[in-house]
Amino acid sequence: MAKGRIFSGMRPTGRLHIGHLSVLENWVKMQDEYECFYGVVDWHALTTAFDDTSQIKDNIREMLIDWLSAGIDPEKSAVLVQSHVKEHAELHLLFSMITPLSWLERVPTYKDQVQQLGQEGKDISTYGFLGYPLLQAADILVYKADTVPVGEDQLPHLELCREIARRFNFMYDTKLFPEPKAKLAKVAMLPGIDGRKMSKSYHNDIAISASPQEVQEKIRMMVTDPARVRKDDPGHPEVCVVYAYQQIYNAADVENCADCCRGGTIGCVACKKNLAAKMNEVLEPVRERRARLEANPGLLDEIVIAGVKRARQEAAKTMEEVREAMKI
Ligand code: TRP
Ligand code: SF4
């Protein structure tokens, strides 16, 4: 049986944190089972950040390096930048002809976001932002991808994508587009080091690219059980950020870790040291791949050029079929 095809993308928001690492680990796993296209969707970033584009090129590079260091393999997957594959824009334009405005206006997140950003003083009642999910549908359908690994927040966008595919197929009497399914993965929800949601803007994140020393330092700053004053005070691991990380990075020993904490037989300093050692072990191969990329500055460009070429081949083929179906 032919392999299924995947498209997924991320907006270039700058360096990724370890929360994203579990998303990328899923992408990495899928490389053998599916034919994968992974795109940095820079036009999507422009739907909100159109007024300050100063960081976008750097952000694209950083994101690509994070992906490749996490194990995305350009021999297996096409790694591309959305704006380098102009077919995304052509398909978006053609979809915009057949999409009722009401479909876009009723996407659950749309009005909320316009309002929320409006309160923050930013006007995104633009044509481009309204069309965000349509551009996303074009990203997916230009490769005729049937499977889309995304988070739960993206389900309404995927629903719209299927509706567009169905409408196009019906309107032009064709079977050209599949109706792509979301593939939800269990991703570990790691809190930031202060216990809030992990976010670069809160300065409570750990970057995928963090050095061993940075990892140690961030873990040293993690909030623990406030009831533990002395190291033999009994602790409550369930309220401790360090413990949330132990569950992911030290899964084999996590029961023991909880027992020691509750029994007051390990101090937080020692517990944090254990965690740092485990996390650094996991991040080591990621660092090695990053070092290899950084030692060869031309390599990233080569990888993107090859990925874009492969992507364009597929996208151009789809667009020919689209024009034929539409008789244009
Ligand atoms: N909207 C997605 C997000 O914010 C990013 C995205 C754009 C995407 N195009 C896509 C994801 C196509 C999957 C497939 O996460
Ligand atoms: Fe958290 Fe570990 Fe301290 Fe318990 S011993 S409170 S799990 S850091």
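Whatever order the structure lists ligands and atoms in, that order sets their numbers, starting from 1.
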(request) Give the ring-plane orientation class for Phe95 versus Phe177, where under 30° counts as parallel, over 60° as perpendicular and anything between as tilted. (result) perpendicular
(message) What protein heavy atom lies closest to atom 5 (C) of ligand 1? Include the residue and the distance to one decimal.
(response) Gly9 O, 3.7 Å
(request) Of the side chain and backbone of Val242, name the one, both, or neither that has a heavy atom under 4.0 Å from an atom of ligand 2. (result)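 For Val242, the contact with ligand 2 is made by the side chain alone.
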(request) Find out whether Arg11 and Ile60 are in side-chain contact, i.e. whether some heavy atom of one side chain is under 4.5 Å from a heavy atom of the other. (result) no
(message) Could you tell me, atom by atom, which parts of ligand 1 come under 4.0 Å of a heavy atom of Val148?
(response) 13 (C), 14 (C)
(request) Quick one: look up the protein heavy atom nearest atom 9 (N) of ligand 1 and list residue, atom name and how far away it is. (result) Asp139 OD2, 2.7 Å
(request) Check Lys144, Arg312, Lys317 against Glu87 for a salt bridge (Lys or Arg N to Asp or Glu O under 4.0 Å) and give me the one that passes. (result) Arg312
(message) Check for me whether the distance between the ring centres of Tyr143 and Phe7 falls short of 6.0 Å.
(response) yes
(request) Please write down residue, atom name and distance for the protein heavy atom closest to atom 2 (Fe) of ligand 2. (result) Cys271 SG, 2.4 Å
(request) Using a strict 4.0 Å cut-off to heavy atoms of Val150, name the atoms of ligand 1 that fall inside it. (result)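 The list of qualifying atoms is 11 (C), 13 (C).
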(request) Scan Lys3, Lys76, Arg310 and name whichever one has a salt bridge (Lys or Arg N to Asp or Glu O under 4.0 Å) with Glu35. (result)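 That would be Arg310; it is the only one of Lys3, Lys76, Arg310 passing the salt bridge (Lys or Arg N to Asp or Glu O under 4.0 Å) with Glu35.
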(message) If the cut-off is 2.8 Å, does any N/O/S atom of Cys240 fall short of it from atom 2 (Fe) of ligand 2?
(response)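 For Cys240, the answer is no, given that no N, O or S atom comes within less than 2.8 Å of atom 2 (Fe) of ligand 2.
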(request) Look at Asp233 together with Arg262 and state whether they make a salt bridge at an N to O cut-off of under 4.0 Å. (result) no
(message) At less than 4.0 angstrom from any non-hydrogen atom of Asp225, what atoms of ligand 2 do you find?
(response)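 This gives 6 (S) as the contact atoms.
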(request) Using a strict 4.0 Å cut-off to heavy atoms of His44, name the atoms of ligand 1 that fall inside it. (result) 7 (C), 9 (N)
(request) Using a strict 4.0 Å cut-off to heavy atoms of Arg11, name the atoms of ligand 1 that fall inside it. (result)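 Near Arg11, the atoms of ligand 1 are 4 (O).
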(message) Report whether any nitrogen, oxygen or sulfur of Cys261 sits less than 2.8 Å from atom 4 (Fe) of ligand 2 (N, O or S, backbone or side chain).
(response)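 Checking atom 4 (Fe) of ligand 2 against Cys261, an N, O or S atom does fall under 2.8 Å.
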(message) Counting C-beta onward and ignoring hydrogens, is there a side-chain heavy-atom pair between Glu105 and Leu130 closer than 4.5 Å?
(response)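 Yes, close enough: below the 4.5 Å cut-off.
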(message) Suppose I only count heavy atoms of Val41 and a 4.0 Å limit; which atoms of ligand 1 are within that range?
(response)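 Selected atoms, number and element: 7 (C), 9 (N).
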(request) Please state whether Met10 comes within less than 4.0 angstrom of ligand 1, counting heavy atoms only. (result)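 No heavy atom of Met10 comes that close to ligand 1.
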(request) Starting at OG of Ser77, measure out to CD1 of Ile72 and round the result to the nearest 0.5 Å. (result)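 Going from OG on Ser77 over to CD1 on Ile72, the span is 6.0 Å.
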(message) Among all protein heavy atoms in this structure, tell me which lies nearest to atom 3 (Fe) of ligand 2, with the distance rounded to 0.1 Å.
(response)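 Going atom by atom, the protein heavy atom closest to atom 3 (Fe) of ligand 2 ends up being Cys268 SG, 2.3 Å.
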(request) Without swapping roles, check the side chain of Thr147 against the backbone of Lys181 for a donor-acceptor pair under 3.5 Å. (result) no
(request) Check whether the ring centres of His236 and Tyr243 lie less than 6.0 Å apart, and answer yes or no. (result)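 Between His236 and Tyr243, the centre distance exceeds or equals 6.0 Å.
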(request) Look at atom 5 (S) of ligand 2 and say which protein heavy atom is nearest, naming residue and atom and giving the distance to 0.1 Å. (result) Arg228 NH1, 2.9 Å
(message) Just so I know, are the side chains of Val150 and Lys183 near enough to count as touching, which here means a heavy-atom distance under 4.5 Å?
(response)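 Side chain of Val150 against side chain of Lys183, heavy atoms only: no contact under 4.5 Å found.
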(message) Quick check against the 3.5 Å criterion: does Lys272 have a side-chain atom that pairs as donor or acceptor with the backbone of Gly267?
(response) no
(message) Would Gln136 count as a polar contact of ligand 1, with the cut-off being nitrogen or oxygen pairs under 3.5 Å?
(response)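 Yes, at least one N or O pair falls under 3.5 Å.
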(request) Heavy-atom distances under 4.0 Å are what count here, so tell me which part of Asp153 touches ligand 1: side chain, backbone, both or neither. (result) neither
(message) Please list, in number order, the atoms of ligand 1 under 4.0 Å from a heavy atom of Tyr132.
(response)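 Every atom of ligand 1 under 4.0 Å from some heavy atom of Tyr132: 1 (N), 2 (C), 3 (C), 4 (O), 5 (C).
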(message) Can you report which non-hydrogen protein atom sits closest to atom 15 (O) of ligand 1, along with the distance?
(response) Gln154 NE2, 3.6 Å
